[in-house]
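Data block below; observations after.
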2 protein chains.
Amino acid sequence: MAPNGTDANTRTSAAAPDAASKERLRMWLRMLKSTRRVEAALRERLRRDFGTTLPRFDVMAALARYDDGLKMSALSGVLRVSNGNVTGIVDRLAEEGLVVRVQVPGDRRASLVRLTRKGQEVFARQAAAHEAWISELLEDFTPEEARIFSDRFDAVTHRNEEEDPE
Amino acid sequence: MAPNGTDANTRTSAAAPDAASKERLRMWLRMLKSTRRVEAALRERLRRDFGTTLPRFDVMAALARYDDGLKMSALSGVLRVSNGNVTGIVDRLAEEGLVVRVQVPGDRRASLVRLTRKGQEVFARQAAAHEAWISELLEDFTPEEARIFSDRFDAVTHRNEEEDPE
DNA sequence: ATCGTATATTTCAAGCTCAAACCTTTTTTG
DNA sequence: CAAAAAAGGTTTGAGCTTGAAATATACGAT
């Protein structure tokens with residue numbers, strides 16, 4: 001697996017020990033730029049077409065996958081953002097009647113956050129548009145290639161795994 | 001834009017006209033998760049080892065590539081963030097003596113932002129650590145694979161290109 | 001010269017983000 | 001049981017981010 005020097009023509013490993021890191025850095029910068037570009041497009045369209053934001057959408061998308069709701073801590077875990085962060089977003093979504101906090105019977109500390117019916121309806125429309133946008137923005141990738149990339153990204157994600165409820 | 005009636009719950013109904021979009025959506029979610037994970041690691045390490053932030057580092061990295069400095073508008077263009085945003089970050093970097101605003105001779109509106117010598121030295125250390133971190137975080141990618149990915153990401157970036165000073 | 005438009009940047013309000021401090025409730029432990 | 005530790009959430013302070021409005025300068029055509 002590791003390129004152990006004795007390869008046929010490894011100019012890269014012999015001549016430059018940091019050629020690999022340079023190449024990975026280059027990849028990272030491109031990946032970051034691509035991600036930012038897609039995110040910017042999504043942000044703009046969510047605002048334009050639905051008057052919402054990407055973080056709001058992310059929270060609703062997470063909740064949409066759990067009919068029974070998610071605890072605040074689980075929500076921040078899934079989204080990989082701080083829990084103090086989620087508090088504010090859920091507050092605003094709750095003000096608009098898109099989500100509700102439900103008291104957990106046995107535990108007076110915790111509460112489950114759930115989409116309201118209105119929240120489900122609103123999110124369904126946003127999600128459909130979102131999927132179409134992504135497909136358009138990434139149309140240079142064939143489905144086959146997309147699958148390959150998905151799998152390779154999992155390597156990054158599962159690398160130094162601590163906890164991951166997925 | 002308008003809810004066209006037939007969009008409420010289009011679960012996997014048709015054969016596979018949307019298989020491609022599903023696959024791309026899957027790829028996007030993985031890509032986003034990977035990016036966020038790397039960014040979170042970078043953010044934490046920049047804070048721990050250098051007491052700085054990712055946006056600050058991004059600004060300094062951009063300036064480090066232009067010895068003659070960059071105008072605020074060019075800076076925000078390179079970083080793809082709003083220009084109001086850059087103002088605040090540059091303000092704080094300037095307070096710490098890491099960058100300076102230099103008046104442009106012929107134009108009293110514009111100013112060039114440049115790294116100070118201190119800024120160059122500080123950034124050099126951060127950049128070395130940064131490159132090593134990236135290589136570690138992406139070590140599952142061989143240099144060859146990294147190169148392939150870089151090229152493919154360029155496709156996304158150069159898709160609907162408006163302006164890009166790079 | 002002056003009007004109008006375009007350019008360069010800052011300011012502003014609202015919202016997102018984090019880490020750390022804090023409060024409350026639950027669980028563990030002496 | 002009571003004290004201590006852990007868990008669930010919110011609050012707080014600082015910084016980041018955006019889009020829109022404001023400011024100031026530059027330039028082009030009268």
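Quick note on labels: first sequence line is chain A, next is B, and so on, each numbered from 1.
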List for me each residue that meets ring-ring contact (aromatic ring centres under 6.0 Å, His included) alongside B/F141, sequence neighbours excluded, and say none if there are none.
B/F149

Report the distance from atom CG of A/L98 to atom CD of A/E121, rounding to the nearest 0.5 Å.
10.5 Å

For A/R36, report the nucleic acid contact type (base, sugar-phosphate, nothing); a contact means any heavy atom under 4.0 Å.
nothing

Looking at C/dC18, C/dT25, D/dG9, which one has an atom nearest to any side-chain atom of A/A110?
D/dG9

Quick check: on DNA chain C, is the nucleotide nearest B/D91 upstream (toward 5') of the one nearest B/D107, or the reverse? Name the residue that is more 5'.
B/D107

Assign each of B/V86 and B/P105 the nucleotide of DNA chain D bearing its closest heavy atom; nearer the 5' end lies the nucleotide of B/V86

Side chains of A/S135 and B/R24: is there a donor and an acceptor less than 3.5 Å apart?
yes

Measuring to OP1 and OP2 of D/dG9, would you say a side-chain N or O of A/S73 lies under 4.0 angstrom away?
yes

Just call it for A/R101: base, sugar-phosphate, or nothing, with non-hydrogen atoms closer than 4.0 Å on any strand.
sugar-phosphate

Looking at A/R47, does any N or O in its side chain come under 4.0 Å of the phosphate oxygens OP1/OP2 on D/dA20?
yes

Keeping B/R152 on the side-chain end and A/D140 on the backbone end, is there a donor-acceptor pair under 3.5 Å?
yes

Residue whose nearest DNA chain D nucleotide is more 5′ - B/P55 or A/L112:
A/L112

At 4.0 Å (heavy atoms only), tell me whether A/I89 reaches a base, stays on the sugar-phosphate, or touches nothing.
sugar-phosphate

Using a 4.0 Å heavy-atom cut-off across all strands, classify A/G88 as base, sugar-phosphate, or nothing.
nothing

Side-chain donor/acceptor of B/R109 to base of D/dA26, under 3.5 Å:
no

Can you identify which nucleotide, out of D/dT10, D/dG8, D/dT18, has its nearest atom closest to the A/K71 side chain?
D/dG8

Whole angstroms only, please: what is the CZ-P distance between B/F57 and C/dC18?
19 Å

Can you figure out which of D/dT18, C/dC18, D/dC16 approaches the side chain of B/V81 most closely?
D/dT18

Interatomic distance, A/L93 CG vs C/dG15 P [rounded to whole Å]
12 Å

Can you see whether B/Q103 engages B/S111 through a side-chain donor-acceptor pair at a distance of less than 3.5 angstrom?
no

Choosing from C/dT26, C/dT10, D/dT17, which nucleotide comes nearest the side chain of B/N85?
D/dT17

